[in-house]
Amino acid sequence: MCDQVACADPEICQKVCSNPSGCSDIAYPKLVLELLPTGLRGLMMAVMVAALMSSLTSIFNSASTIFTMDLWHHIRPRASERELMIVGRVFVLLLVLVSILWIPVVQASQGGQLFIYIQSISSYLQPPVAVVFIMGCFWKRTNEKGAFSGLISGLLLGFIRLVLDFIYVQPRCDQPDERPAVVKDVHYLYFSMILSAVTLITVSIVSHLTWFTRHDPMIQKELGPPAAPLPLTLPQNGTPEASGTNIQLEIIQENVSKTHSCDMTQKQSKVVKATLWLCGMESKSKEEPPSKADRVIVSLEENPFVKALLDIGLIVCMSCAIFVWGYFA
């Protein structure tokens, strides 16, 4: 098995795993299928499938939430919850389609070795985010302009290196390496260190140059056009009263409720019902009237006993993880 996983001859690797660059991707499947007994094979495969599904669902859910709440909600500020739900589900389907179409790119990058591909992508895209997050937590002078400039510069450099990796494919061991020096001589882990340093310097410089703007007033953007002010009624003494405003608000609420009731009476086609069922949404006739929102608890107080228990558990988990990493590394 070692000769198959750690093959060095491209011809042998081609025969073993149909990849002349290497067969490191088959190490874990071979360990599971050839060394474990029959009962544990199914258990380990179930664990792998569960971990894969958990990772995919978390990624798709986060991406659809960012697109729906940050982009689509900005384009359509008055979009209903139903529309946002449908847009999020459709965006997940598009992500699945893009993921399937991206498989040939993964096979062509880094000689088709999945682990190296994942590590290289992480080294190109994650350091700017990590540096900005750490500086925002531990350096008080970090501001919005510095964080934005650091993210843009770091992600731009990482994207350029990612495109160069796709253009200049890594050659096999028996072939000469004619790639540019920035791709051939700079390992992706070294490039992650360079990317972190560039992001750190950019955030520091821009935050220092824009530190004088910390006292500028905050400008809040309105989601929609401001509503026209309702006219006030003037009684005989000439002082305005809120009775006319309340009457007009009641009239508007009655009109909205009538429109909602008219929409509920309309019959829905089978296609609309099937679409709502696939999106996990009930039909309009089954919707309940909106209830008053519950009071939000904003207290940050924590029980001292629970806090101490969580701290002890965190220390124990981190100690075990460090020991396992140091022992097996």
Side-chain angles (χ1 to χ4, degrees), residues 5-8 10 13 19-28 55-56 58-59 62-63 66 95 98-99 101-139 141-209 321-322 325-326 328-329:
V5 175
C7 59
C13 295
N19 186 4
S21 300
C23 296
S24 58
D25 291 339
I26 66 172
Y28 184 79
S55 301
L56 291 178
S58 62
I59 292 172
S62 302
I66 292 173
L95 286 179
V98 172
S99 302
L101 297 177
W102 195 258
I103 293 177
V105 179
V106 177
Q107 294 177 349
S109 177
Q110 301 295 337
Q113 301 183 48
L114 183 60
F115 179 78
I116 299 178
Y117 171 79
I118 295 175
Q119 296 300 320
S120 61
I121 295 296
S122 301
S123 300
Y124 300 153
L125 301 180
Q126 291 181 0
V129 181
V131 169
V132 170
F133 179 78
I134 293 174
M135 293 191 68
C137 291
F138 296 101
W139 194 42
R141 297 191 66 173
T142 305
N143 54 18
E144 181 182 357
K145 297 179 177 61
F148 181 77
S149 302
L151 279 177
I152 293 298
S153 60
L155 292 177
L156 182 61
L157 290 177
F159 182 75
I160 292 174
R161 174 60 190 268
L162 180 63
V163 172
L164 291 177
D165 280 350
F166 287 150
I167 295 175
Y168 300 100
V169 183
Q170 182 180 3
R172 297 187 303 182
C173 297
D174 57 345
Q175 294 179 351
D177 194 350
E178 299 179 353
R179 296 178 297 171
V182 67
V183 180
K184 179 179 64 175
D185 298 333
V186 182
H187 196 263
Y188 59 85
L189 294 179
Y190 294 152
F191 187 81
S192 66
M193 298 173 61
I194 298 173
L195 198 58
S196 301
V198 171
T199 306
L200 180 65
I201 295 173
T202 304
V203 174
S204 302
I205 293 176
V206 177
S207 297
H208 274 98
L209 294 178
I322 293 173
W325 176 77
F328 289 102

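Hydrogens, waters and symmetry mates play no part in the numbers below; they use all other heavy atoms, side chains included. As the structure is a prediction and not an experimental result, all values here were calculated from the model.
- A63 pairs by the side-chain contact (heavy atoms from CB on, under 4.5 Å) definition with F91, L95, not counting sequence neighbours.
- Take Y190 and apply the side-chain contact (heavy atoms from CB on, under 4.5 Å) test, not counting sequence neighbours, and it matches V186, H187, M193.
- Partners of I160 according to the side-chain contact (heavy atoms from CB on, under 4.5 Å) rule, which considers only residues two or more places apart in sequence or in another chain, are L156, L164.
- Residues satisfying the salt bridge (Lys or Arg N to Asp or Glu O under 4.0 Å) test with R179, not counting sequence neighbours, are D177.
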Taking distance alone, no hydrogens or angles, what donor-acceptor pairs closer than 3.5 Å link side-chain atoms of residues 196-206 to residues at least two apart or in another chain?
| unit_1 | atom_1 | unit_2 | atom_2 | d |
| --- | --- | --- | --- | --- |
| S196 | OG | S192 | O | 2.9 |
| T199 | OG1 | L195 | O | 2.9 |
| T202 | OG1 | V198 | O | 2.7 |
| S204 | OG | L200 | O | 2.8 |

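- Checked against side-chain contact (heavy atoms from CB on, under 4.5 Å), Q126 has the following partners two or more places apart in sequence or in another chain: S122.
- Interatomic distance, CD1 of I134 versus OG1 of T142, reported as 11.5 Å (0.5 Å rounding).
- Between W139 and H208, the ring planes lie tilted relative to each other; the angle falls in the 30° to 60° range.
- Residues in residues 149-160 take part in no salt bridge (Lys or Arg N to Asp or Glu O under 4.0 Å) pair, two or more places apart or across chains.
- For residues 146-162, every residue pair satisfying the side chain to side chain donor-acceptor pair (under 3.5 Å) rule, not counting sequence neighbours, is listed here: Y124-R161, R161-D165.
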